[in-house]
Amino acid sequence: MRPLTEEETKAVFEKLANYIGKNLVHLIDRDEDDAYCFRLHKDRVYYLPLPMLHMATSVARPNLISLGTCFGKFSKTGKFKLGITCLDWLAKYAKYKVWIKPSGELPFLYGNHVAKAHLGRITEDTPEHQGVVVYNMADVPLGFGVTARSTIDTRKLDPTGIIVFHQADVGEFLRDEDTMF
């Protein structure tokens with residue numbers, strides 16, 4: 001387990017900024033009693049409290065499987081992909097949100113995009129190609145994605161038009177449980 005390099009840090013923060021914007025500061029600048037850090041272990045980026053990091057130094061690297069919250073992983077080409085395991089942190093600090101109707105929950109959880117017919121609400125002034133967290137109508141985070149259209153353009157769209165491109169959802173825990181960790 002090691003700290004992120006500058007390039008890795010830049011890639012992670014750019015991806016996170018697409019979803020939480022200026023709220024990224026809340027992940028980084030915290031009280032000394034509640035300090036967290038990002039660490040890389042086996043191409044995966046973990047977000048963990050400093051006391052946990054100090055305890056983990058006593059475990060040999062080959063024996064260490066996971067630590068803290070896995071925010072995502074780097075591909076072989078060096079691109080960073082957010083994982084569904086960071087949904088709690090994204091939902092806490094999300095800048096733009098989308099709520100889907102009960103009829104649209106299952107299609108989204110099966111990995112499909114969000115159509116306008118399933119759209120319940122959307123944050124005002126959401127731009128196109130912006131990262132959003134997808135909630136059900138009871139404010140339970142279901143996953144995240146990228147908007148296909150801005151808020152203004154969604155009003156003109158037909159019911160079968162795509163509003164949010166699917167990135168990750170909580171159904172991945174069941175679909176990809178063999179390869180997730």
Side-chain angles (χ1 to χ4, degrees), residues 11-24 26-27 38 42-48 65-77 79-181:
V12 171
F13 286 173
E14 281 177 357
K15 186 67 80 162
L16 285 173
N18 190 29
Y19 289 91
I20 61 177
K22 293 179 181 177
N23 291 336
L24 183 61
H26 298 300
L27 288 177
F38 287 95
K42 297 182 182 175
D43 291 332
R44 298 189 191 283
V45 176
Y46 294 94
Y47 185 63
L48 61 148
I65 297 172
S66 178
L67 188 65
T69 303
C70 180
F71 261 53
K73 67 179 195 171
F74 282 98
S75 65
K76 300 241 189 267
T77 59
K79 294 188 179 177
F80 182 70
K81 183 181 181 212
L82 281 174
I84 189 60
T85 50
C86 72
L87 180 62
D88 292 337
W89 291 100
L90 288 181
K92 187 175 182 179
Y93 297 117
K95 189 173 180 183
Y96 298 106
K97 302 173 183 180
V98 170
W99 289 266
I100 56 177
K101 296 176 183 175
S103 62
E105 287 180 29
L106 275 178
F108 182 74
L109 293 177
Y110 285 137
N112 297 320
H113 304 306
V114 177
K116 185 182 179 196
H118 298 146
L119 183 66
R121 293 187 324 218
I122 187 169
T123 309
E124 284 297 317
D125 300 328
T126 304
E128 188 174 1
H129 305 299
Q130 176 67 44
V132 293
V133 176
V134 178
Y135 292 86
N136 66 4
M137 294 307 280
D139 281 336
V140 176
L142 300 176
F144 53 90
V146 176
T147 55
R149 307 258 192 273
S150 65
T151 305
I152 297 166
D153 294 341
T154 59
R155 295 186 181 119
K156 304 171 194 168
L157 204 60
D158 63 329
T160 59
I162 295 174
I163 302 294
V164 177
F165 294 122
H166 177 274
Q167 296 284 317
D169 64 82
V170 293
E172 285 183 22
F173 285 115
L174 298 174
R175 290 193 312 269
D176 300 334
E177 64 183 331
D178 296 335
T179 60
M180 188 170 275
F181 299 107

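Just the heavy atoms: all of them, side chains too, but no hydrogens, waters or symmetry mates, feed the values below.
- For the pair I100/M137, no side-chain contact is recorded, criterion being any heavy-atom separation below 4.5 Å from C-beta on.
- Relative orientation of the W99 and Y135 rings is parallel, given thresholds of 30° and 60° on the angle between their planes.
- When atom types are taken as modelled, the side chain of K95 and the backbone of G21 share no donor-acceptor pair closer than 3.5 angstrom.
- The aromatic rings of Y93 and H26 sit parallel, their planes meeting at an angle under 30°, below the 60° perpendicular limit.
- Using a 30° and 60° split on the angle between ring planes, Y19 and F144 fall in the perpendicular class, above 60°.
- In plain terms, the two heavy atoms of I162 and A148 that are nearest each other are O-CB, 3.5 Å.
- Checking side-chain atoms of H166 against main-chain N and O of N112 turns up no donor-acceptor pair under 3.5 Å.
- Residues L67 and Y46 come closest through the heavy atom pair O-CD2, 2.9 Å.
- Contact of the F108 side chain with the V98 side chain is not registered, since no non-hydrogen atoms from C-beta on lie closer than 4.5 Å.
- Here NZ of K76 is found 6.5 Å from CG of D43. Values are rounded to the nearest 0.5 Å.
- Of all the heavy atoms in P107 and H118, the pair that sits closest is CG-CE1, 4.1 Å.
- In this structure, F71 and L27 have side chains that are in contact, with non-hydrogen atoms separated by less than 4.5 Å.
- For the side-chain contact (heavy atoms from CB on, under 4.5 Å) test with T151, the passing option among T123, D125, I122, I163 is I122; the others fail.
- Here the shortest heavy-atom pairing between P159 and A115 reads O-CB, 3.9 Å.
- The environment of L106 atom CG is dense: over 12 non-hydrogen atoms of other residues, nucleotides or ligands sit within 6.0 angstrom.
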(request) Dump the intermediate steps for side chain to side chain contact (heavy atoms under 4.5 Å, CB included) on L16 and Y47, then the final yes or no. (result) CA-CA 12 Å; L16 285 173; Y47 185 63; over 6 Å; no

(request) Run the numbers on T160 and K116 for side chain to side chain contact (heavy atoms under 4.5 Å, CB included), then give the verdict. (result) CA-CA 6 Å; T160 59; K116 185 182 179 196; over 6 Å; no

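- Under a 3.5 Å cut-off, the side chain of Q130 and the backbone N or O of N18 do form a donor-acceptor pair.
- A pairwise comparison of heavy atoms in V12 and V45 identifies CG2-CG2, 4.0 Å as the closest pair.
- T147 places a side-chain N or O within donor-acceptor distance of the main-chain N or O of H129, the cut-off being under 3.5 Å.
- Between L82 and L90, some side-chain heavy-atom pair lies under the 4.5 Å cut-off.
- Pairs passing the salt bridge (Lys or Arg N to Asp or Glu O under 4.0 Å) check and including a residue from residues 148-169, sequence neighbours excluded, read E124-R155, D169-R175.
- Rounding to the nearest 0.5 angstrom, the gap separating the NZ atom in K42 from the NZ atom in K73 is 13.0 Å.
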